[in-house]
Every structure is written in structure tokens, then in C-alpha cells.
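Some notes on the structure that comes next.
All residue numbers refer to positions in the sequence shown, counting from 1. Source: prediction; values computed, not measured.
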Amino acid sequence: MATENASVPEFILAGLTDQPGLRMPLFFLFLGFYMVTVMGNLGLITLIGLNSHLHTPMYFFLFNLSLIDFCYSTVITPKMLVSFVSKKNIISYPGCMTQLFFFLFFVVSESFILSAMAYDRYVAICNPLMYTVTMSPQVCLLLLLGVYVMGFAGAMAHTAFMVRLTFCADKLVNHYMCDILPLLERSCTSTHVNELVVFIVVGIDIGEPTVTIFISYALILSSILRISSTEGRSKAFSTCSSHIIAVSLFFGSGAFMYLKPSSLLPMNQGKVSSLFYTIVVPMLNPLIYSLRNKDVKVALRKTLNKSSFS
């Protein structure tokens with residue numbers, strides 16, 4: 001369908017900068033970021049898979065968060081790296097629509113997996129005696145299915161309406177990837193419907209998880225404040241701190257990019273903002289959950305000791 005509706009055979013991605021002197025330093029910088037992202041997320045996936053004591057609902061969702069981060073960073077970063085070393089970073093129309101779909105699929109899935117993790121923390125802290133029943137394997141699988149269904153629905157909505165547009169002869173997309181807003185700038189036909197879809201779908205994909213997370217943490221905070229011992233409060237807060245940091249980074253940068261009128265956020269500033277949720281957040285998430293999590297540290301030591309002994 002993408003090929004039949006294409007008004008241009010290809011796009012040219014402008015990349016992150018047009019200054020030749022910055023291209024090679026930025027190439028090595030983001031190559032380093034990508035290597036850390038790949039090693040961190042695949043390392044966490046492997047660690048959770050190899051250690052049976054991490055086979056709990058919390059780490060089931062963390063496993064999928066790392067998988068999502070790895071995938072959607074891989075959808076974007078390699079193509080961005082090409083823009084630093086090539087004169088014209090060309091991407092075909094079908095390739096552009098494919099990148100747009102998978103980027104949206106993974107980024108929407110991440111927003112809902114973070115809300116599922118918030119619900120898991122709520123049950124663990126507010127109703128610990130019923131935790132194993134409430135967060136049974138069947139419930140976890142249903143939550144995960146909902147995460148990926150919402151990701152697919154959001155990606156399909158944006159991509160289907162994008163394919164209907166006719167694009168101008170000027171093929172230069174002012175971005176390092178095929179994202180919604182820079183592609184809408186290249187359209188020769190009305191984009192009012194697309195902009196409405198952006199506000200509705202993005203509002204749902206950010207609003208619904210945000211409300212779930214706020215309600216979960218309001219109940220968690222209320223429960224923690226009723227704990228009499230300081231040690232108990234500290235332990236309860238520590239179990240949520242990593243998730244709170246990850247949520248703040250992801251939703252803060254995403255909302256800043258998509259829920260502001262384009263007149264208030266020029267595209268060059270938008271590119272810098274989008275770096276946080278496309279490049280920085282997938283890199284930081286495994287570090288946040290590894291460095292601030294005792295169970296992960298213990299599992300890493302055991303795995304390394306087993307490897308050394310072998």
C-alpha cells in the first residue's frame with residue numbers, strides 16, 4: 001500500500017547537523033551510545049533469563065522493557081549514524097513508512113509497559129499478601145498482550161493516515177529519522193486530519209499510561225506514609241525509585257515533543273528533544289535498573305562467578 005500511494009520514491013534525511021566539522025565526533029558519540037544501549041539491554045535480558053530468582057512479574061516486565069528499548073533504538077540509531085558519514089542520507093518511501101511504523105510501535109509499547117510496571121509496584125506495596133494471586137502469570141501475559149496491542153493500534157493509526165498524504169517534490173525531511181511531525185511538513189495536501197490523529201492518539205498513548213502511573217503512585221505513597229518504621233519506608237521507596245526515574249525521562253521528553261504546537265517548538269529544537277526518548281532513554285534504562293537494584297547486582301555477581309568458575 002505504501003508503494004502504491006507514494007508521491008515521491010524516496011526522502012533525504014537532513015540528519016542531526018549540517019556542520020561538517022561536527023559529523024565525525026557525533027558519529028563516534030552516538031555509536032558509543034548505541035553500543036552501550038545494545039550491551040546494556042541485551043545484558044539485562046540475558047541476566048533475567050539465566051537467573052531463576054528473577055523470574056517474577058517485576059522482572060518479566062523489565063525483560064520486555066529492555067527488549068522494546070533494544071528494538072526501537074535499533075530501528076533509529078543505525079540510520080542516524082549513516083547521516084554522519086554520507087553526503088546524502090537517502091531512505092526509500094517504503095523504508096521511511098516502515099521505520100515510522102516500527103518506531104511508533106515500540107515507543108507506544110514502552111509507554112504502556114511502564115504503566116504496567118507501575119501497577120505491578122502498586123500491587124506489591126499496597127497488597128503484598130495477594131501479590132502472587134493478583135499478578136499471576138496469566139494476568140501478566142494479558143497485560144503484556146494489551147501493551148503490544150496498544151502499540152500496534154497506535155502505529156497503524158499514524159502510518160495509515162500518513163500513507164494517504166501526497167508529498168511535495170522537496171524530499172528533504174528535517175530530521176534524522178522518519179517521524180510524524182517532520183513528514184507532515186513535507187506534505188502538499190491538508191494535514192488537519194493527521195494533526196487531529198496526533199493529538200488524539202498521542203493523547204491516549206501518553207495520557208492513559210500517565211493517569212495509571214499517577215494513580216498507582218498516589219496509592220503507593222499513601223500506603224508508604226502509613227508504614228511506621230523509617231527502614232520500611234526507605235525500602236518501599238527504593239523499590240519504586242528506578243521506575244520513577246525511567247517514567248520521568250520517557251514521558252517528559254515525549255510530551256515536550258508531541259503535545260506542544262509546532263510554532264512553539266521549532267523542528268531543530270524538536271530533533272534535540274527527540275534524542276532523549278529515542279537515544280538516551282533506551283541507553284539509560286538498563287543502567288538505572290542495574291545500578292539501583294540489589295537483586296540485579298546479586299544476579300550479575302552470581303552469573304560472573306559462575307562464568308569465572310567455568
Side-chain angles (χ1 to χ4, degrees), residues 1-38 41 68-107 110 155 158-159 161-189 191 194 198 253-254 256-258 262 265-283:
M1 184 174 71
T3 305
E4 292 173 358
N5 291 334
S7 49
V8 291
E10 61 190 21
F11 293 105
I12 300 173
L13 298 176
L16 195 60
T17 181
D18 56 359
Q19 299 183 29
L22 292 176
R23 287 188 174 183
M24 289 313 295
L26 287 174
F27 171 82
F28 287 108
L29 174 65
F30 287 106
L31 177 62
F33 283 174
Y34 182 60
M35 291 174 67
V36 173
T37 301
V38 171
N41 285 293
I68 290 168
D69 279 336
F70 166 73
C71 290
Y72 97 79
S73 179
T74 301
V75 167
I76 296 160
T77 310
K79 191 61 182 173
M80 185 185 74
L81 292 174
V82 171
S83 68
F84 296 126
V85 295
S86 60
K87 292 182 179 179
K88 281 189 177 181
N89 184 22
I90 296 172
I91 183 169
S92 67
Y93 180 91
C96 185
M97 294 300 113
T98 302
Q99 186 189 53
L100 176 69
F101 174 83
F102 282 105
F103 159 64
L104 292 170
F105 172 74
F106 290 119
V107 80
E110 173 137 347
H158 288 299
T159 308
F161 279 96
M162 189 68 69
V163 166
R164 295 172 67 245
L165 296 178
T166 301
F167 294 96
C168 302
D170 183 3
K171 299 181 290 185
L172 183 65
V173 176
N174 188 21
H175 213 289
Y176 56 83
M177 65 177 181
C178 289
D179 200 357
I180 301 168
L181 300 182
L183 284 173
L184 293 182
E185 287 187 343
R186 299 271 63 85
S187 175
C188 294
T189 51
T191 60
N194 296 74
V198 168
S253 57
F256 185 74
M257 177 67 184
Y258 286 104
S262 57
L265 185 65
M267 191 50 63
N268 287 335
Q269 295 180 26
K271 284 194 285 187
V272 175
S273 175
S274 64
L275 283 175
F276 283 95
Y277 67 87
T278 58
I279 307 295
V280 178
V281 170
M283 178 184 69

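Residues that satisfy the side chain to side chain contact (heavy atoms under 4.5 Å, CB included) test with Val75, not counting sequence neighbours, are Gln99, Phe102, Phe103, Phe106. By the side chain to side chain contact (heavy atoms under 4.5 Å, CB included) test, Met283 is found to be paired with Phe33, Val36, Thr37, residues two or more places apart in sequence or in another chain being considered. Taking Asn89 as the reference, Lys79 meet the side chain to side chain donor-acceptor pair (under 3.5 Å) condition, with sequence neighbours excluded. Residues satisfying the side chain to side chain donor-acceptor pair (under 3.5 Å) test with Thr189, not counting sequence neighbours, are Ser187. Every residue was checked against the side chain to side chain donor-acceptor pair (under 3.5 Å) condition with Tyr72, not counting sequence neighbours, and none meets it. Looking at residues two or more places apart in sequence or on another chain, you find no side chain to side chain donor-acceptor pair (under 3.5 Å) involving Ser83.
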* To do: May I have the step-by-step check of side-chain contact (heavy atoms from CB on, under 4.5 Å) for Phe70 and Val38, ending in yes or no?
  => CA-CA 6 Å; Phe70 166 73; Val38 171; 3.9 Å; yes
* Steps toward side-chain contact (heavy atoms from CB on, under 4.5 Å) verdict (Leu16, Leu275) -> CA-CA 9 Å; Leu16 195 60; Leu275 283 175; 3.9 Å; yes
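Using a distance-only test at 3.5 Å, with no hydrogens or angles considered, no donor-acceptor pair links the side chain of Arg186 to the main chain of Lys171.
When every heavy atom of Met97 is checked against every heavy atom of Leu183, the shortest pair comes out as CE-CD1, 4.0 Å.
In this structure, CG in Asn194 is found 9.5 Å from NE2 in His158, a value given to the nearest 0.5 Å. Note that the CG atom of Asp69 and the OG1 atom of Thr278 stand 11.0 Å from one another [nearest 0.5 Å]. To the nearest 0.5 Å, the span separating CG on Asp179 from CG on Asn174 amounts to 11.5 Å.
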For residues 20-27, which side-chain donor-acceptor pairs fall under 3.5 Å, sequence neighbours excluded?
none

